[in-house]
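The structure appears right after this line, and notes come after that.
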Amino acid sequence: MRKQIAAANWKMNLTLTEAETLLNQLLATEHNLTSNQEAIFAVPAIYIPLATLKLSGKSNFFIAAQNCHPKSNGAYTGEISAPMLASVGVKHIVIGHSERREYFNESDAFLAEKTDAVLAAGSTPIFCCGEPLVIREAGTQNTFVEAQLINSLFHLSVDQITKVVIAYEPIWAIGTGKTATSEQAQEIHAYIRSVFASKYGQAIADQISILYGGSVKASNAIEIFSQPDVDGGLVGGASLVASEFTAIINALK
Ligand code: PGA
């Protein structure tokens with residue numbers, strides 16, 4: 001059975017005090033995750049030690065990084081590598097978020113290198129894909145997303161691809177309050193799975209967790225996560241509110 005995942009993406013939010021308060025609030029709640037469910041927290045890198053310490057006793061809770069550099073070390077001022085993250089216990093790394101693609105010009109080829117680096121460090125890439133509004137309006141979202149996957153992931157071996165988590169995030173739904181309908185999410189998630197099936201076979205494709213991201217909140221999580229090809233969510237805004245994110249965790253299948 002593939003993993004069901006609620007992943008928080010704090011982005012560049014919260015001061016140290018605010019981060020600590022949010023973690024304390026999350027800790028004060030009961031989460032009953034089954035063995036195939038995970039809650040992952042992609043916190044700003046500077047809060048990784050705090051979050052690791054705070055959530056250490058919670059089973060199936062993991063701390064993630066929001067980004068990494070493809071090289072393992074060297075003269076890359078300001079960057080953090082996948083082996084460095086692994087050395088502090090961070091084994092999940094978000095790769096290719098649309099904000100990094102857009103504001104930092106990260107290309108499919110660069111994201112392929114980053115994915116390789118994460119896997120080489122023995123960690124899990126949470127690989128983001130998704131189309132902008134113009135593409136959705138033109139109705140060509142499937143081929144757009146397919147190209148992102150082919151360009152960045154299709155060089156991976158069967159063994160490697162089963163270690164990747166996909167996050168489908170339509171850009172028009174991120175932080176806009178405009179969510180894809182559960183039908184739209186299911187349709188493209190099924191398509192993404194078929195893309196992997198065509199390359200790696202159905203049995204492998206069925207093992208890949210595909211998360212939906214874009215204005216997921218407590219009020220729509222159950223409906224979206226109930227879709228057969230939606231295996232949880234990558235959550236921005238609502239992950240900054242403990243009660244919201246707790247409800248999202250509890251909405252996992
Ligand atoms: P949002 O962000 O939940 O605030 O729309 C999702 C994301 O960017 O991962």
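Just so you know, ligand 1 is whichever comes first in the structure, and atom 1 is the first atom listed for that ligand.
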| When the ring planes of H92 and F62 are compared, do they come out parallel, tilted or perpendicular, using 30° and 60° as the limits? | tilted

| field | Short N or O distance, G213 and ligand 1, threshold 3.5 Å exclusive | value | no

| request: Go through ligand 1 atom by atom and flag the ones less than 4.0 Å from a non-hydrogen atom of H97. | output: 7 (C), 8 (O), 9 (O)

| task | Please check if any side-chain donor atom of D116 sits under 3.5 Å from a side-chain acceptor atom of H155, or the reverse. | result | yes

| Near N9, which atoms of ligand 1 are under 4.0 Å from a heavy atom of that residue? | 9 (O)

| query | Judged by modelled atom types alone, do H97 and E169 share a side-chain donor-acceptor pair under 3.5 Å? | reply | yes

| query | Is it true that the side chains of N142 and E146 contain a donor and an acceptor less than 3.5 Å apart? | reply | no

| query | Counting heavy atoms only, which of E169, K217, E99 comes nearest to atom 9 (O) of ligand 1? | reply | E169

| Between A173 and ligand 1, which part of the residue brings a heavy atom under 4.0 Å of the ligand: side chain, backbone, both or neither? | backbone

| query | Which word best sums up how the rings of F41 and W10 line up, parallel for under 30°, tilted for 30 to 60°, or perpendicular for over 60°? | reply | perpendicular

| Aromatic ring pairing Y200/F154, orientation class (parallel under 30°, perpendicular over 60°, tilted between) | perpendicular

| Taking non-hydrogen atoms only, is I174 closer than 4.0 angstrom to ligand 1 via side chain, backbone, both or neither? | both

| Does any N or O atom in G175 lie less than 3.5 angstrom from one in ligand 1, N or O only? | yes

| said: Can you classify the ring geometry of H69 versus F110 as parallel (below 30°), tilted (30 to 60°) or perpendicular (above 60°)? | reply: perpendicular

| request: Please identify which atoms of ligand 1 are closer than 4.0 Å to at least one heavy atom of G214. | output: 5 (O)

| note | Counting from 1 in the order shown, the ligand 1 atoms closer than 4.0 Å to a non-hydrogen atom of S215 are 1 (P), 3 (O), 5 (O)

| field | Interfacing atoms of ligand 1 (cut-off 4.0 Å, heavy-atom, K11) | value | 2 (O), 7 (C), 8 (O)

| field | Side-chain H-bond candidate by donor/acceptor type, Q207 with T162, under 3.5 Å | value | no

| remark: Looking only at heavy atoms, the pair that brings V118 and T124 closest together is CG1-C, 3.6 Å

| remark: Nearest non-hydrogen protein atom to atom 4 (O) of ligand 1, with distance, is G237 N, 2.8 Å

| said: Is there a polar contact between ligand 1 and G236, counting only N or O atoms under 3.5 Å apart? | reply: yes

| For ligand 1, is there an N or O atom under 3.5 Å from any N or O atom of T176? | no

